[in-house]
Amino acid sequence: MINKVLGSNVTTKKILATETLGESSHLRKSILDYFGLRFILLGGLVMPHQSVLATPTTNQLEFSEYQRQMEASVIGLVFILMAVATFFSHRLLAVWEKRKQKYRFIHKLAHDEFILYYQPIVNPDQHKVMACEALLRMKDNDNILSPFHFLETVEELGLMERITLWVLQRVIQDYPEIKAHNQHLDDEFYISLNVSFKELASPSFIEQVKEILAHVDLTEIKLCFEIIEKYHLENQSLTNQVIRELRSLGVKVAIDDFGDEYANLDMLDKIDYDIIKLDKHFIDEIQTSFIRQASVLFIGKVIEYYQKRMVMEGLEYPKQLEVLQELYPGVVYIQGYLYSPPISLEEFKVFTLKSVE
Ligand code: G
Ligand code: MN
């Protein structure tokens with residue numbers, strides 16, 4: 001550092017060697033003059049060496065000038081200490097805040113302040129609830145917040161995997177309760193939950209998923225992992241291996257938000273899946289967009305060929321169902337406000353489908 005400031009002619013060794021310095025006060029003066037400002041800024045660093053430099057008897061440097069430099073160094077030192085203190089106190093505060101927030105979320109998780117809502121997925125032809133999607137909500141005083149308000153923070157705090165595992169455990173716990181109370185569900189009724197590619201690529205996450213599933217009879221408790229493609233599929237072979245394992249255990253896999261920004265046609269080739277969930281845009285634009293219409297027909301062909309299933313998300317009006325069924329005569333499951341918004345466990349246990357005509 002000192003070398004850098006003083007240049008290559010003046011080595012640190014020379015500066016630090018008392019004898020050398022005692023003999024060459026002109027060197028000190030030129031250093032102090034030339035690097036005045038830097039000395040002020042580096043006051044803190046130079047301070048210890050000032051005592052070495054302080055050999056007043058042989059010093060050609062005026063005492064007042066020496067004093068001025070000393071004072072400048074002290075001021076510099078104070079500035080540096082203040083800057084360092086400010087920098088660290090800010091960092092410390094930020095770390096402290098983050099830690100507090102993290103524990104607030106963990107506390108919420110342990111005290112049932114995270115809850116699951118369930119949104120029915122319906123076969124409109126049979127007029128039957130075939131499945132539902134578990135959707136995370138967070139209690140905040142008297143409000144029930146949707147993930148939009150807290151998911152980013154959860155990710156920033158590094159709690160996503162922990163929360164997804166909590167969702168998995170809660171779904172496993174709720175499934176028999178729902179099945180026992182609600183007599184109107186299809187025999188193959190399954191519960192979907194959202195998992196990201198990032199999580200599927202995390203060995204520790206998958207280990208814990210397997211550990212949880214090892215204690216579950218998956219022929220009784222039917223699950224579907226909806227893969228949300230917010231992050232790009234990075235390690236395709238690893239992810240595919242995980243997906244294959246999940247499917248071999250009997251867990252369904254769905255491509256969520258298909259047709260949205262990230263989930264595109266490529267995905268149908270890249271991963272093994274059971275279900276394609278078409279993003280809400282499809283139904284919103286089904287009357288106006290030729291591309292959306294053609295896509296529905298195309299996905300219809302794909303799922304028929306591969307014997308998969310299609311779920312249309314975000315249907316709100318009877319007219320939309322009518323248009324969809326006119327366009328595509330095959331089976332499309334529906335998830336949307338048309339049948340029901342996401343509802344609480346208690347509501348879902350007694351949920352019955354009303355006519356939507
Ligand atoms: O991305 P994913 O499909 O997992 O998210 C489902 C979300 O879409 C839920 O939060 C749910 O509240 C919302 N949703 C479900 N059905 C409808 C609908 O018919 N209209 C609108 N606007 N939102 C819906
Ligand atoms: Mn989803």
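Every number for a ligand or one of its atoms is a count from 1 in the order of the listing.
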Inspect the contact between Arg170 and Asp112 and indicate whether a charged nitrogen and a carboxylate oxygen are less than 4.0 angstrom apart.
yes

Does this structure show an ion pair linking Arg309 with Asp274, if we count only N-O contacts that are shorter than 4.0 Å?
no

With Leu200 as reference, evaluate Asn240, Asn235, Leu246 under the side chain to side chain contact (heavy atoms under 4.5 Å, CB included) test and give the passing residue.
Leu246

Got a salt bridge between Glu71 and Arg68, using NZ or NE/NH1/NH2 to carboxylate O under 4.0 Å?
no

If you measure from the Lys or Arg side-chain nitrogens to the Asp or Glu carboxylate oxygens, is any gap between Glu133 and Lys277 under 4.0 Å?
yes

Would you call Lys301 and Glu304 a salt bridge, using N to O less than 4.0 angstrom?
no

Quick test: of every protein heavy atom, which one is nearest to atom 4 (O) of ligand 1, and how far off is it to 0.1 Å?
Glu133 OE2, 2.8 Å

Is the Mn ion (ligand 2) less than 2.8 Å from an N/O/S atom of Glu226, whether that atom is in the backbone or a side chain?
yes

shortest atom 19 (O) of ligand 1-to-protein heavy-atom contact is with Tyr337 N, 2.8 Å

When you measure from atom 3 (O) of ligand 1 to every protein heavy atom, which one gives the shortest distance, and what is it?
Glu313 OE2, 2.3 Å

Under 4.0 Å from a heavy atom of Gly336: give me the atoms of ligand 1 that qualify, with their elements.
16 (N), 19 (O)

Should Tyr306 and Tyr273 be marked as a ring-ring contact (aromatic ring centres under 6.0 Å, His included) after you check the CA-CA gap, both sets of side-chain angles, and the distance that decides it?
CA-CA 10 Å; Tyr306 290 110; Tyr273 60 91; 7.3 Å; no

With a 4.0 Å cut-off on heavy atoms, is Lys277 touching ligand 1?
no

Atom name in Glu133, limited to N/O/S, at shortest distance from the Mn ion (ligand 2):
OE2

Could you tell me whether atom 7 (C) of ligand 1 has at least one protein heavy atom nearer than 4.0 Å?
no

Please determine whether a side-chain nitrogen of the Lys or Arg among Lys280 and Glu316 lies less than 4.0 Å from a carboxylate oxygen of the Asp or Glu.
yes

Please work out whether any backbone atom (N, CA, C, O) or any side-chain heavy atom from C-beta onward of Arg137 is under 4.0 Å from ligand 1, and answer side chain, backbone, both or neither.
side chain

Would Arg292 and Glu285 pass as an ion pair if we require N to O under 4.0 Å?
yes

Test item: Leu168 and Phe225 side chains (from C-beta on) under 4.5 Å apart, heavy atoms
yes

Distance check below 2.8 Å: does Ser192 bring an N, O or S atom to the Mn ion (ligand 2)?
no

Does Lys198 come within less than 4.0 Å of Glu161, counting only side-chain N to carboxylate O?
no

Protein residue, atom and distance nearest to atom 15 (C) of ligand 1, heavy-atom basis:
Gln119 OE1, 3.0 Å

Minimum-distance N/O/S atom that Asp256 presents toward the Mn ion (ligand 2):
OD2

For atom 9 (C) of ligand 1, what is the nearest protein heavy atom, given as residue, atom name and distance?
Leu135 CD1, 3.8 Å

Side chain or backbone of Asn194 under 4.0 Å from ligand 1, or both, or neither, by non-hydrogen atoms?
side chain

Within the 4.0 Å heavy-atom cut-off, what Asp257 brings close to ligand 1 is side chain

Among non-hydrogen protein atoms, atom 11 (C) of ligand 1 lies closest to Pro342 CG, 3.9 Å

Gly314 near ligand 1 by a heavy-atom separation under 4.0 Å
yes

Determine, for Lys108 against Glu113, whether the closest basic-nitrogen to carboxylate-oxygen distance falls under 4.0 angstrom.
yes

How far is atom 20 (N) of ligand 1 from its nearest protein heavy atom, and which residue and atom name does that atom have?
Glu316 OE2, 2.5 Å

Confirm or rule out an N/O/S atom of Asp257, from backbone or side chain, lying less than 2.8 Å from the Mn ion (ligand 2).
no

